[in-house]
Amino acid sequence: MATEAANGNNHVVTKKPPTPSPLRNSKFFQSNMRILVTGGAGFIGSHLVDKLMENEKNEVIVADNFFTGSKDNLRKWIGHPRFELIRHDITEPLLVEVDQIYHLACPASPIFYKHNPVKTIKTNVMGTMNMLGLAKRVGARILLTSTSEVYGDPLEHPQTEEYWGNVNPIGVRSCYDEGKRVAETLMFDYHRQHGIEIRIARIFNTYGPRMNIDDGRVVSNFIAQALRGEPLTVQAPGTQTRSFCYVSDMVDGLIRLMEGENTGPINLGNPGEFTMTELAEVVKELIEPSISIKIVENTPDDPRQRKPNIAKAKQLLGWEPKITLRQGLPLMEEDFKQRLGVSKKA
Ligand SMILES: NC(=O)c1ccc[n+]([C@@H]2O[C@H](COP(=O)([O-])OP(=O)(O)OC[C@H]3O[C@@H](n4cnc5c(N)ncnc54)[C@H](O)[C@@H]3O)[C@@H](O)[C@H]2O)c1
Ligand SMILES: O=C(O)[C@H]1O[C@H](OP(=O)(O)OP(=O)(O)OC[C@H]2O[C@@H](n3ccc(=O)[nH]c3=O)[C@H](O)[C@@H]2O)[C@H](O)[C@@H](O)[C@@H]1O
């Protein structure tokens with residue numbers, strides 16, 4: 001009987017995990033680790049694929065419907081003998097023989113996940129059920145990229161994994177916030193009922209190269225606006241806070257979680273907390289001091305504060321972020337300059 005600490009409690013697993021592929025038990029283990037990354041053509045997913053492919057014992061399969069991701073993010077791996085790219089919508093079942101599943105498929109930008117709320121919640125609920133069904137069928141370990149949005153507009157600050165959240169069940173963000181909460185529920189129910197090996201990451205705001213330039217998230221918006229010489233659009237009141245984690249730190253955390261022995265949920269993020277006005281001032285200082293900052297209207301249910309308590313990640317994964325916002329923003333600026341075909345004003 002396996003017991004694993006999760007969320008501060010011991011969830012006793014009454015069933016052994018499904019038998020993994022016979023290949024895992026072969027005496028002369030030759031095969032590579034076969035890894036499925038759903039949403040691997042996206043921002044975080046493509047950086048994760050880059051890291052996984054560095055290990056010559058890994059074979060990587062990406063399943064993506066290209067709703068927000070792009071083949072361009074994976075162009076260097078297309079045709080590689082240890083890499084496969086499948087155009088697939090995970091709201092439909094997928095049958096592939098794999099040993100690990102990194103389940104990232106879900107639009108992350110509020111503009112995109114609000115664009116088709118029913119599809120967003122289907123992706124989070126039916127998509128996660130399909131991936132858990134696959135994990136059960138092939139005996140794979142599965143990691144879900146959940147989100148700090150499961151805490152909603154938090155009344156506890158900073159947020160620990162024990163906090164149950166303050167979420168609007170019927171708001172315009174609920175397709176994502178509640179969708180991810182149901183995905184976490186499904187993960188633990190498959191874990192308790194079928195012994196599936198699960199890992200849950202609660203990812204906080206992450207930024208870096210390959211974010212969609214016009215996907216509406218704050219860091220990508222501010223950098224694109226600065227490079228285009230446009231005013232930085234701080235959404236009211238501007239005092240709301242976020243904590244920003246650079247993508248390479250995030251990928252390191254995800255792999256440590258998958259390779260570790262703890263189910264999670266575990267917060268992954270950078271505790272460096274900024275108001276949106278402070279973020280705008282840093283972007284202005286680092287990228288384009290001549291631009292102005294203007295306050296614009298916000299959207300409903302925008303969380304007023306968000307900062308991860310990462311004590312569990314430090315203790316259980318030996319992980320903490322290394323790259324500060326002032327170190328990460330110039331790296332993202334360079335990527336945007338190349339993709340926008342602009343050079344910073346002299
Ligand atoms: N970036 C962040 O700040 C952040 C924060 C918290 C959680 N997350 C989570 O991390 C994951 C990746 O986020 P991201 O920032 O890379 O977003 P992204 O939008 O760049 O990537 C999501 C990928 O999933 C694909 N996808 C969406 N719906 C799909 C479907 N039904 N079937 C197959 N593929 C589908 C998209 O085409 C895209 O390639 C998401 O699950 C997101 O919820 C991200
Ligand atoms: O970290 C998380 O868990 C979540 O972070 C982000 O969600 P959100 O913080 O709402 O992302 P943004 O759209 O970047 O907004 C951040 C803050 O910046 C503000 N903002 C946004 C855009 C802009 O141009 N100006 C601006 O001030 C928003 O009002 C909000 O207060 C991601 O979009 C979610 O996928 C993710 O789950």
Side-chain angles (χ1 to χ4, degrees), residues 37-48 62-71 73-74 86-92 94 102-114 116 119-120 122-124 126-128 130-131 144-153 159 173 176-177 179-180 183 201-208 210-212 214-225 231-245 247 250-251 254 267-270 274-277 279-280 293-306 308:
V37 182
T38 73
F43 160 50
I44 296 178
S46 59
H47 286 280
L48 173 63
V62 167
D64 203 300
N65 71 350
F66 302 106
F67 176 51
T68 52
S70 161
K71 283 183 187 175
N73 289 336
L74 296 168
I86 309 171
R87 179 187 291 269
H88 179 82
D89 191 311
I90 60 161
T91 55
E92 298 296 333
L94 177 65
Y102 284 88
H103 176 32
L104 280 74
C106 174
S109 165
I111 285 181
F112 282 83
Y113 70 62
K114 294 177 192 174
N116 184 343
K119 181 57 185 292
T120 297
K122 278 177 78 171
T123 295
N124 281 311
M126 295 172 65
T128 302
N130 285 331
M131 290 306 106
L144 168 72
T145 52
S146 184
T147 164
S148 66
E149 298 263 10
V150 302
Y151 302 121
D153 188 9
Q159 293 80 54
R173 299 174 78 102
Y176 185 81
D177 300 6
K180 289 287 190 179
R202 286 182 182 159
I203 298 180
F204 283 65
N205 296 63
T206 302
Y207 70 100
R210 297 189 199 148
M211 286 187 87
N212 280 324
D214 293 312
D215 86 357
R217 283 185 273 189
V218 67
V219 177
S220 42
N221 267 7
F222 285 1
I223 289 181
Q225 289 162 350
L232 303 186
T233 55
V234 172
Q235 291 177 6
T239 53
Q240 72 271 34
T241 69
R242 293 295 189 274
S243 310
F244 298 102
C245 185
V247 65
M250 183 53 61
V251 166
L254 293 174
N267 288 340
L268 293 179
N270 189 319
F274 293 79
T275 68
M276 292 310 97
T277 301
L279 174 66
I293 296 171
K294 68 175 181 181
I295 298 286
V296 299
E297 191 178 353
N298 204 333
T299 55
D301 295 350
D302 184 57
R304 280 159 299 180
Q305 58 186 0
R306 194 185 278 161

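In listed order, ligands and their atoms are each counted from 1.
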Run the numbers for me: atoms of ligand 2, each under 4.0 Å from some heavy atom of [X], listed by number.
| X | answer |
| --- | --- |
| Phe222 | 25 (N) |
| Pro110 | 10 (O), 13 (O), 33 (O) |
| Asn298 | 29 (O) |
| Val234 | 27 (O) |
| Phe204 | 1 (O) |
| Asn221 | 22 (C), 23 (C), 24 (O) |

If we only count N/O pairs under 3.5 Å, is [X] in contact with ligand 2?
| X | value |
| --- | --- |
| Tyr113 | no |
| Ile203 | yes |
| Arg217 | no |

To the closest 0.5 Å, what do you measure between [atom1] ([X]) and [atom2] ([Y])?
| X | Y | atom1 | atom2 | result |
| --- | --- | --- | --- | --- |
| Ile223 | Leu232 | CD1 | CG | 10.0 Å |
| Asp153 | Arg306 | CG | CZ | 9.0 Å |
| Lys71 | Asp64 | NZ | CG | 10.5 Å |

Give the ring-plane orientation class for Phe204 versus Tyr151, where under 30° counts as parallel, over 60° as perpendicular and anything between as tilted. tilted
Describe, in one word, how the ring planes of Tyr176 and Tyr113 are oriented to each other, choosing from parallel (under 30°), tilted (30 to 60°) and perpendicular (over 60°). parallel
At what distance is the nearest protein heavy atom to [atom], and which residue and atom is it?
| atom | result |
| --- | --- |
| atom 16 (C) of ligand 2 | Arg242 NE, 3.7 Å |
| atom 30 (C) of ligand 2 | Asp302 OD1, 3.2 Å |
| atom 35 (O) of ligand 2 | Ala108 O, 2.5 Å |
| atom 12 (P) of ligand 2 | Val218 N, 3.9 Å |
| atom 25 (N) of ligand 2 | Thr233 O, 2.7 Å |
| atom 6 (C) of ligand 2 | Asn205 ND2, 3.5 Å |
| atom 29 (O) of ligand 2 | Gln235 OE1, 2.7 Å |
| atom 10 (O) of ligand 2 | Arg173 NH2, 2.7 Å |

I'd like to know if the side chain of [X] and the backbone of [Y] have a donor-acceptor N/O pair within less than 3.5 Å.
| X | Y | result |
| --- | --- | --- |
| Asn130 | Thr91 | yes |
| Gln159 | Asn267 | no |
| Ser109 | Asp215 | yes |
| Asn212 | Thr68 | yes |

Sequence neighbours excluded, the answer for salt bridge (Lys or Arg N to Asp or Glu O under 4.0 Å) partners of Asp214 is Arg228
Using 4.0 Å as the upper bound for N to carboxylate O, is an ion pair formed by Arg242 and Asp302? yes
Take Asn298 and Gln240 through the test side-chain contact (heavy atoms from CB on, under 4.5 Å) and record every step on the way to the result. CA-CA 11 Å; Asn298 204 333; Gln240 72 271 34; 3.4 Å; yes
Pair Thr206, Phe43 - check side-chain contact (heavy atoms from CB on, under 4.5 Å), show working. CA-CA 9 Å; Thr206 302; Phe43 160 50; 4.0 Å; yes
For a quick check: using heavy atoms under 4.0 Å, what are the residues in contact with ligand 1, sorted by chain and number? Gly39, Ala41, Gly42, Phe43, Ile44, Asp64, Asn65, Phe66, Phe67, Thr68, Gly69, His88, Asp89, Ile90, Leu104, Ala105, Cys106, Pro107, Ala108, Lys119, Thr123, Thr145, Ser146, Thr147, Tyr176, Lys180, Ile203, Phe204, Asn205, Thr206, Arg217
Under 4.0 Å, heavy-atom basis, I'd like to know which part of Glu149 is in contact with ligand 2: side chain, backbone, both or neither. both
Evaluate the criterion salt bridge (charged side-chain N to carboxylate O under 4.0 Å, His left out) for residue pair Lys180 and Glu149; output intermediate values, then yes/no. CA-CA 8 Å; Lys180 289 287 190 179; Glu149 298 263 10; over 6 Å; no
Taking atom NZ of Lys114 as the centre, does the number of heavy atoms from other residues, nucleotides or ligands within less than 6.0 Å exceed 12? yes
